[in-house]
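Since the model is a prediction, treat every value here as computed from it, not as a measurement. Note on naming: letters A, B, ... go to the chains in the order of the sequence lines (proteins, then strands), and numbering restarts at 1 for each one.
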There are 2 protein chains.
Amino acid sequence: MLGPGSNAPDAGDAADPALLERLASALPRNALLVGDAIDPRYQEDRRGRYSARPRFIARPGTTAEVAACLAACNAFGQTLVVHGGRTGLSGGHRIADGEAVLSTERLTLLGDVQPLTRTVLASAGTPLQAVQEAAAAAGYQFGVDIGARGTATVGGNVATNAGGIRVLRYGMFRAQVAGLETVLADGTVLSALRGLDKDNAGYDLNQLFIGSEGTLGVVTRALLRLHPKPLDEANAFVALSSVGAALALLERLRADVGSGLSAFEIMLPQAYEGVTGFLGMPLPLAARAPFYVLAEVQAFRDDQTIERFSQSLMEALDEGKAQDAVVSQSSREFQALWTMRDSCADYVRTRDHIMGGDLSVPIHHVEAVLAASQAAVRRIDPDTEFIVFGHLGDGNLHYVIRTPKAREAMVAVYALVAESGGSIAAEHGIGIDKKPWLHLSRSAAEINTMRRLKAALDPNAILNRGRIFDTA
Amino acid sequence: MLGPGSNAPDAGDAADPALLERLASALPRNALLVGDAIDPRYQEDRRGRYSARPRFIARPGTTAEVAACLAACNAFGQTLVVHGGRTGLSGGHRIADGEAVLSTERLTLLGDVQPLTRTVLASAGTPLQAVQEAAAAAGYQFGVDIGARGTATVGGNVATNAGGIRVLRYGMFRAQVAGLETVLADGTVLSALRGLDKDNAGYDLNQLFIGSEGTLGVVTRALLRLHPKPLDEANAFVALSSVGAALALLERLRADVGSGLSAFEIMLPQAYEGVTGFLGMPLPLAARAPFYVLAEVQAFRDDQTIERFSQSLMEALDEGKAQDAVVSQSSREFQALWTMRDSCADYVRTRDHIMGGDLSVPIHHVEAVLAASQAAVRRIDPDTEFIVFGHLGDGNLHYVIRTPKAREAMVAVYALVAESGGSIAAEHGIGIDKKPWLHLSRSAAEINTMRRLKAALDPNAILNRGRIFDTA
């Protein structure tokens with residue numbers, strides 16, 4: 001049997017004709033693509049890695065069509081890769097030989113915002129940004145934001161438990177999910193979309209699918225929680241002498257604006273200078289420093305939260321606890337700072353010889369892990385470039401290194417992360433690319449338990465086989 | 001095979017001697033109780049229902065001892081009821097013929113509060129109140145509070161996803177769990193206690209055990225999140241003409257104090273008058289009304305939150321939107337109002353012919369469901385007493401009725417709840433007592449999926465067999 005990542009060039013590119021016939025009868029004409037009808041975009045990978053030619057693309061447009069596709073593929077043992085926006089950063093959407101694609105791109109219904117329950121019902125293929133815009137138009141805010149918002153889909157966000165820049169205040173995607181509809185590999189539809197604040201009637205099955213990277217079922221719809229829209233917001237970019245100084249600033253801002261603090265991002269100099277150069281934007285700060293923070297505050301009533309935020313930063317400057325700072329004075333300035341941070345991932349993709357870790361470290365160990373890992377990597381290649389940025393408030397670093405010895409260097413970083421009690425996969429998941437290191441963050445007993453759950457819900461292992469762990 | 005609730009009087013009261021020998025060698029002397037050494041308290045049920053004599057009581061004091069007990073019982077097919085504080089309200093802890101007890105009462109280690117991560121590590125048998133007090137002593141607040149705080153344990157709270165009075169602000173027990181250690185039926189120890197804010201390295205197995213009522217594994221330790229302790233707090237008791245008026249007050253308070261609003265409870269007249277009579281306390285309000293609300297506010301800095309809360313209530317009174325209101329002016333008055341609310345459950349237990357529903361209804365349907373259900377119940381018995389109270393802010397009603405036709409009446413209530421999109425088990429779980437109605441809140445596909453998960457993790461069904469659903 002060929003697992004994902006296998007390179008056998010001509011193997012298994014034809015689906016069983018009887019399966020294709022069954023699918024063709026279950027789906028509208030444009031919803032089953034075979035042969036030359038398959039657009040190359042399904043094989044794209046942002047990092048240019050190998051992706052096989054899929055046996056077919058099934059594009060169901062309703063939950064019932066998803067169920068019919070899965071039941072058919074399950075009966076024929078046809079493995080499927082579930083595709084949302086294909087923005088995943090761990091390679092889970094790459095196609096292996098013999099696999100077909102189930103794309104959620106035709107599941108795009110987005111319901112009306114429900115003010116009474118502060119929710120909105122979104123089909124799996126809805127882009128995150130469409131949810132954000134619908135929420136904003138109705139006077140609400142969606143709690144999760146990530147750089148890939150325009151392409152990433154709700155289904156993919158649920159499947160990977162997306163994080164991003166406002167986890168500090170609103171939690172991961174898991175915290176936004178009030179209900180889910182999911183289809184199991186055998187076509188069983190689980191509809192748990194009531195969205196009650198309290199509902200302890202048996203297991204909360206929805207939790208199982210969030211973050212399982214499409215290996216346990218296909219999410220078709222999600223009932224999403226909305227938050228009040230801020231009356232006002234501001235951000236600031238701050239130069240700091242150390243991670244310790246950044247964490248002290250985090251505590252200071254928390255004391256001064258409480259839960260108004262909605263993001264606390266970090267950039268190291270090579271990320272900051274690289275991305276501003278990439279964007280051709282003027283540097284927002286005159287001072288150079290070893291660490292930079294982008295902090296955001298949201299105000300929900302006329303209670304001087306924004307003023308307290310500015311004042312808190314000015315006091316930090318006066319006391320020498322920060323080296324330089326700029327607070328956005330307009331929505332243009334606010335957006336410019338976020339564009340700089342958002343573009344880090346695009347900047348990284350312009351560079352060669354890079355490898356990206358998505359690390360989570362207990363926040364009080366970030367300073368030590370950063371220092372020790374940089375030293376370890378420099379022992380492997382003293383010229384390594386560290387394009388490090390991320391969500392310091394969550395202890396989450398996007399630890400991108402540029403060196404011809406990237407893999408060896410990253411292994412050294414992972415070892416230090418594991419030693420600190422951190423995770424080698426904070427928000428991007430395991431997919432295929434991080435599988436070799438899953439054991440650093442999960443015990444053999446945990447991985448074996450994941451396998452037992454996989455076998456219970458997808459006994460033929462047709463869904464995203466070989467993602468997260470090997471089933472066979 | 002005898003399931004829980006079976007009444008065969010003398011059946012199966014002896015454990016396999018080889019199993020007892022193996023347990024005796026795995027546990028300290030005082031940790032295995034057999035025969036006359038078994039205290040009757042293990043068989044107590046607050047509602048006086050049948051509880052069989054257990055074959056033995058295993059009282060492991062460490063995770064390793066829990067694992068050894070489970071592995072032994074699994075090998076012998078010995079079914080176990082997991083006991084925490086035995087305060088559950090759905091009968092899950094009642095012992096059926098042939099069952100033994102695994103009690104967490106010796107798992108009582110409570111770690112130091114960790115200010116850097118705002119967490120505390122608690123063993124399963126730790127009473128909730130001990131966690132609350134440890135948090136308060138260190139300057140923090142624990143987010144969940146329930147009336148049974150002095151006896152209910154952390155393990156039981158996790159297993160049942162406890163709710164209570166501050167879900168409005170802090171969420172269910174699930175939201176307090178940063179990490180778990182759990183032992184599977186075969187003795188496998190799953191230790192996921194890192195407590196990272198972001199950790200997407202494979203399935204979040206912890207979520208599966210929260211709210212599974214001890215049927216999938218035995219929780220041995222929980223890493224619990226702490227919240228900032230309020231600088232100040234106040235509550236108010238308000239008389240209102242309708243549920244609609246109560247919900248309008250909820251919106252008004254949310255607009256005026258935002259997330260400072262930490263509880264919004266409802267009491268109907270027979271609950272209010274009953275519990276004040278039971279406590280022998282003076283009525284806090286002069287006015288009589290069809291609905292009463294107990295609201296609480298917490299202030300985290302010197303920002304006039306408490307004043308805005310009082311002013312908001314006074315404006316509601318002035319505008320005729322509330323009929324009467326009293327705001328606590330001292331911690332004594334604050335406590336007195338909470339004692340009244342907390343004591344509702346004790347008051348209920350003094351009454352005969354009662355049956356309690358733990359209902360969750362979409363908040364905008366509460367008024368209609370209350371009216372329709374009271375009418376339906378009165379058609380069955382016009383003299384029914386409605387001792388209704390609960391967490392209006394969460395749409396959660398403790399719907400206690402007193403009538404000789406209680407079961408027939410409750411069936412009518414459940415039907416209306418299901419029709420409204422509500423749940424027949426908001427926060428007390430299913431246990432044994434609510435099993436007949438699980439199908440009103442969960443589809444056959446969902447219940448079947450729960451069975452598949454149960455079979456995957458506990459193939460011999462030794463853990464809390466027959467709770468939530470029948471396995472055989």
Side-chain angles (χ1 to χ4, degrees), chain A residues 116-117 160-161 163 167 172 174 184 188-192 194 196-205 207-208 210-212 258-259 300-301 303 360 362-364 391 394-396 421-430 438 441-443 445-450 452-453 455-457 468-469, chain B residues 116-117 160-161 163 167 172 174 184 188-192 194 196-205 207-208 210-212 258-259 300-301 303 360 362-364 391 394-396 421-430 438 441-443 445-450 452-453 455-457 468-469:
Chain A
L116 290 170
T117 52
T160 58
N161 188 27
V167 170
M172 301 288 282
R174 185 182 301 279
L184 300 182
T188 299
V189 177
L190 300 177
S191 184
R194 270 182 298 266
L196 300 164
D197 290 327
K198 285 181 170 173
D199 187 7
N200 278 345
Y203 309 165
D204 186 345
L205 297 172
Q207 300 299 331
L208 194 56
I210 302 168
S212 66
S259 61
F300 293 87
R301 65 187 63 81
D303 60 358
S360 185
I363 197 164
H364 50 289
H391 318 286
D394 315 316
N396 178 194
S423 171
I424 60 106
E427 59 175 20
H428 297 166
I430 298 295
L438 177 61
S441 292
R442 293 289 182 266
S443 68
E446 289 174 292
I447 297 169
N448 183 44
T449 303
M450 293 180 207
R452 285 160 79 168
L453 297 173
L457 298 192
I468 306 181
F469 48 81
Chain B
L116 290 170
T117 52
T160 59
N161 189 26
V167 170
M172 301 287 283
R174 185 182 300 278
L184 299 183
T188 299
V189 177
L190 300 177
S191 185
R194 271 182 299 266
L196 300 163
D197 289 328
K198 286 181 170 172
D199 188 6
N200 279 345
Y203 308 165
D204 186 345
L205 297 173
Q207 300 298 332
L208 193 56
I210 301 169
S212 67
S259 62
F300 293 86
R301 64 187 66 79
D303 60 358
S360 185
I363 197 164
H364 49 289
H391 317 286
D394 315 316
N396 178 193
S423 172
I424 59 105
E427 57 175 20
H428 296 167
I430 298 294
L438 177 61
S441 292
R442 292 289 182 267
S443 67
E446 289 174 292
I447 296 169
N448 183 43
T449 303
M450 294 181 207
R452 285 161 79 168
L453 297 174
L457 297 193
I468 307 181
F469 48 79

[X], part contacting chain B, at a heavy-atom distance under 4.5 Å:
{"X": "A:Arg452", "result": "both"}
{"X": "A:Asp199", "result": "both"}
{"X": "A:Ala192", "result": "both"}
{"X": "A:Leu184", "result": "side chain"}
{"X": "A:Met172", "result": "side chain"}
{"X": "A:Ile430", "result": "both"}
{"X": "A:Leu438", "result": "side chain"}

Could you grab the distance from atom OH of B:Tyr203 to atom CD1 of A:Ile210, nearest 0.5 Å is fine?
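Between B:Tyr203 OH and A:Ile210 CD1, I get 14.0 Å after rounding to 0.5 Å.
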Return the option, out of [options], with the maximum number of heavy-atom pairs under 4.5 Å with chain A.
{"options": "B:Ile363, B:Thr449, B:Ile447", "value": "B:Thr449"}
{"options": "B:Leu190, B:Leu196, B:Val167", "value": "B:Leu196"}
{"options": "B:Ala201, B:Ala425, B:Ser423", "value": "B:Ala201"}
{"options": "B:Leu205, B:Thr188, B:Ile424", "value": "B:Leu205"}
{"options": "B:Ser259, B:Ala445, B:Gly163", "value": "B:Ala445"}

[X] vs [Y] side-chain heavy atoms within contact, under 4.5 Å:
{"X": "B:Asp204", "Y": "A:Gln207", "answer": "no"}
{"X": "A:Leu208", "Y": "B:Leu453", "answer": "yes"}
{"X": "B:Thr160", "Y": "B:His428", "answer": "no"}

Report the option among A:His391, A:His364, A:Met450 that has the most heavy-atom pairs separated by less than 4.5 Å from atoms of chain B.
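Greatest number of close heavy-atom pairs with chain B: A:Met450.
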Would you say B:Ser443 and B:Glu446 are linked by a side-chain donor-acceptor pair, where the criterion is simply a distance under 3.5 Å?
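Side chains of B:Glu446 and B:Ser443: pair found under 3.5 Å.
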Could you list the residues that satisfy ring pair (Phe, Tyr, Trp, His ring centres under 6.0 Å) with A:Phe300, not counting sequence neighbours?
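A:Phe300 satisfies ring pair (Phe, Tyr, Trp, His ring centres under 6.0 Å) with no other residue.
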Answer with side chain, backbone, both or neither: which region of B:Asp394 has an atom nearer than 4.5 Å to a non-hydrogen atom of chain A?
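For B:Asp394, heavy atoms of backbone and side chain both lie under 4.5 Å from chain A.
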For B:Ser441, is it the side chain, the backbone, both or neither that has a heavy atom under 4.5 Å from a heavy atom of chain A?
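Backbone plus side chain of B:Ser441, per the 4.5 Å heavy-atom cut-off to chain A.
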Tell me if a side-chain donor or acceptor on B:Asn200 pairs with a main-chain N or O of A:Asn161 at a distance below 3.5 Å.
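Yes: the side chain of B:Asn200 pairs with the backbone of A:Asn161.
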Has the side chain of B:Arg442 got a donor or acceptor atom that lies under 3.5 Å from a matching backbone atom of A:Gly202?
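No, because the side chain of B:Arg442 does not come within donor-acceptor range (under 3.5 Å) of the backbone of A:Gly202.
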